[in-house]
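Have a look at the structure below, then the notes.
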Amino acid sequence: MITDPTAPQLEVAARTFALLSAPVRLHLVSLAANGEYDVGGLAQRAGVSTATASQHLSKLRLAGVISARREGKRQIYTVDDPHVLMMVHQVFEHIAPDGTLAPDPPLDPQFQRQA
């Protein structure tokens with residue numbers, strides 16, 4: 001059963017969704033959820049400049065969506081939060097490659113509405 005969210009939960013959730021509403025940020029998170037990359041690798045895969053990727057990664061890191069560790073002179077970015085991993089996986093499982101909504105699987109009883 002899902003309980004009513006608190007005001008602080010709603011505020012942080014809304015900020016997180018707003019942060020992920022930019023396609024380039026969502027792309028960076030999706031890439032980092034599937035591997036470890038430096039900023040240059042993420043920029044190349046996302047089709048943006050290194051400076052643009054770096055700005056977005058900084059915001060994502062400050063929000064706790066992406067984590068980074070130093071390897072020599074490089075920052076290595078990844079998503080290691082299981083909640084973020086699940087959210088990214090779920091959103092792209094829900095949307096087909098052509099942008100249409102994928103058919104819904106049977107609803108888990110834990111998420112069914114209470115009558």
Side-chain angles (χ1 to χ4, degrees):
M1 181 170 110
I2 298 174
T3 59
D4 287 343
T6 64
Q9 284 176 312
L10 289 167
E11 181 63 34
V12 172
R15 280 197 314 260
T16 301
F17 283 120
L19 183 67
L20 294 175
S21 69
V24 68
R25 285 193 202 128
L26 189 55
H27 195 181
L28 292 168
V29 172
S30 175
L31 291 167
N34 289 303
E36 296 183 337
Y37 296 90
D38 66 5
V39 68
L42 284 168
Q44 182 178 17
R45 296 278 314 268
V48 297
S49 71
T50 301
T52 297
S54 183
Q55 286 180 343
H56 288 297
L57 289 167
S58 177
K59 291 176 183 179
L60 291 164
R61 196 169 139 220
L62 285 172
V65 175
I66 282 184
S67 58
R69 72 174 193 286
R70 185 159 295 285
E71 263 187 20
K73 293 183 179 184
R74 300 178 328 148
Q75 287 272 53
I76 303 298
Y77 296 92
T78 190
V79 175
D80 52 16
D81 182 326
H83 297 102
V84 175
L85 288 168
M86 183 183 298
M87 182 176 59
V88 169
H89 174 76
Q90 290 282 320
V91 75
F92 290 112
E93 193 173 270
H94 182 65
I95 302 169
D98 67 359
T100 61
L101 296 182
D104 290 331
L107 192 59
D108 183 324
Q110 131 182 8
F111 295 110
Q112 289 183 3
R113 292 184 185 162
Q114 298 292 322

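Along the sequence shown, residues carry numbers from 1.
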Set of side-chain hydrogen bond (donor to acceptor under 3.5 Å, both in side chains) partners for Thr100, sequence neighbours left out | Asp98
Measuring from [X]:[atom1] to [Y]:[atom2], what's the distance to the nearest 0.5 Å?
X     : Y     : atom1 : atom2 : value
Gln90 : Met86 : CD    : CE    : 6.5 Å
Asn34 : His89 : CG    : NE2   : 10.0 Å
Arg25 : Ile66 : CZ    : CD1   : 10.5 Å
Leu28 : Ser54 : CG    : OG    : 10.5 Å

For the residue pair [X] and [Y], what are the closest heavy atoms and their distance?
X     : Y     : answer
Ala53 : Val39 : CB-CG2, 4.0 Å
Ala68 : Arg61 : CB-CD, 3.6 Å
Leu42 : Ala32 : CD2-N, 4.2 Å
Leu20 : Leu26 : O-CB, 3.7 Å

Which residues satisfy the side-chain contact (heavy atoms from CB on, under 4.5 Å) test with Arg45, sequence neighbours excluded?
-> Leu31, Tyr37
Taking only residues two or more places apart in sequence, or in another chain, which ones meet Glu36 in a side-chain contact (heavy atoms from CB on, under 4.5 Å)?
-> Arg69, Ile76, Thr78
Please tell me if the side chains of Phe92 and Met87 come closer than 4.5 Å, counting only heavy atoms from C-beta onward.
-> no
Can you tell if the side chain of Val88 reaches within under 4.5 Å of the side chain of Val79, non-hydrogen atoms only?
-> no
Which of these passes side-chain contact (heavy atoms from CB on, under 4.5 Å) with Asp38: Gln44, Lys73, Arg74, Gln75?
-> Arg74
Linking I/L/V/M/F/W/Y whenever any side-chain heavy atoms sit under 4.5 Å apart, do Val91 and Leu101 land together?
-> yes
Under a single-linkage definition using a 4.5 Å side-chain heavy-atom cutoff for Ile, Leu, Val, Met, Phe, Trp and Tyr, are Val12 and Phe17 assigned to the same hydrophobic cluster?
-> no
Is Gln9 reaching over with its side chain to a backbone N or O of Thr6, donor-acceptor style, under 3.5 angstrom?
-> yes
Can you find a side-chain donor-acceptor pair between Gln55 and Thr52 that sits under 3.5 Å?
-> no
